[in-house]
Amino acid sequence: MALNDVEHCELHDVHLDLVSRINKEMPSEDELYDLAELFKVFGDSTRIRILFALFESEMCVCDIAETLKMTQSAISHQLKILKQSKLVGNRREGKSIIYFLADDHVRTIIDQGINHINE
C-alpha cells in the first residue's frame, strides 16, 4: 500500500501539546512489548476456543479435549501457554486438574472481543 493510498493530512502541522501529553501517558517499551506478547496468545483459534469453553465453565483437560474434538496432548500444550501467560489457572480435585479463567480481566477481554466482532 502506497502512502497515497492512505488518507493523511494535507498540511504538516504537529500539535506539540497533544504529542507531549500522549508521550507522557505512553507505557514503557517493556510494557508495550508484554502487551503485544499477550495479544499474540489470543492470535491462535485453538487457544481462543479453550478460553471460550472456560468462559462458560471450569473444566478438566479431558472435558476440554472432548468439547473441542482434540487430543488431550494438544489441549495440554495450549493450556501450558495460556497458564504461562496468566490467562488460566488450575487446581487439583482428586485425580483431576480443573482449569479456569485466571481472573475477571480475561472474562472481560473475551466478552469485549465477542461484542466487538458482533457489532
Any donor-acceptor pair under 3.5 Å from Arg47 side chain to Gln78 backbone: no

Co-members of the apolar cluster containing Met26 [side chain, <4.5 Å]: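 Answer for Met26: Leu18, Ile22, Leu32.
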
Connected hydrophobic set around Val19, excluding itself, where side chains approach under 4.5 Å: Val14, Leu16

Side chain to side chain donor-acceptor pair (under 3.5 Å) contacts touching residues 89-98 (sequence neighbours left out): Glu58-Arg91, Lys83-Asn90, Arg91-Glu93

Applying side chain to side chain donor-acceptor pair (under 3.5 Å) as the test, list every pair that has at least one member in residues 12-26; sequence neighbours left out.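 The answer is none; no pair qualifies.
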
Across all chains, not counting sequence neighbours, the side-chain contact (heavy atoms from CB on, under 4.5 Å) partners of Leu68 are Arg49, Ile50, Ile64, Met70, Ile75

By side-chain contact (heavy atoms from CB on, under 4.5 Å) - contacts of Leu51 (at least two apart):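 Residues passing side-chain contact (heavy atoms from CB on, under 4.5 Å) with Leu51: Phe42, Leu82, Leu87, Val88, Leu101, Val106, Ile110.
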
Looking only at heavy atoms, what is the nearest atom pair of [X] and [Y], with distance?
X     : Y     : value
Ser85 : Val41 : OG-CG2, 3.2 Å
Gln72 : Cys62 : NE2-SG, 3.5 Å
Ile98 : Cys60 : CD1-CB, 4.0 Å

Do [X] and [Y] belong to the same hydrophobic cluster, where Ile, Leu, Val, Met, Phe, Trp and Tyr are linked whenever their side-chain heavy atoms lie under 4.5 Å apart, directly or via other members?
X     : Y      : value
Phe55 : Ile114 : yes
Leu79 : Ile81  : yes
Val61 : Phe100 : no

Pairs where [range] contributes a residue and the test salt bridge (Lys or Arg N to Asp or Glu O under 4.0 Å) is met, not counting sequence neighbours:
range           : value
residues 66-79  : Glu66-Lys69
residues 26-35  : none
residues 96-115 : none

By salt bridge (charged side-chain N to carboxylate O under 4.0 Å, His left out) - contacts of Glu37 (at least two apart): Lys40

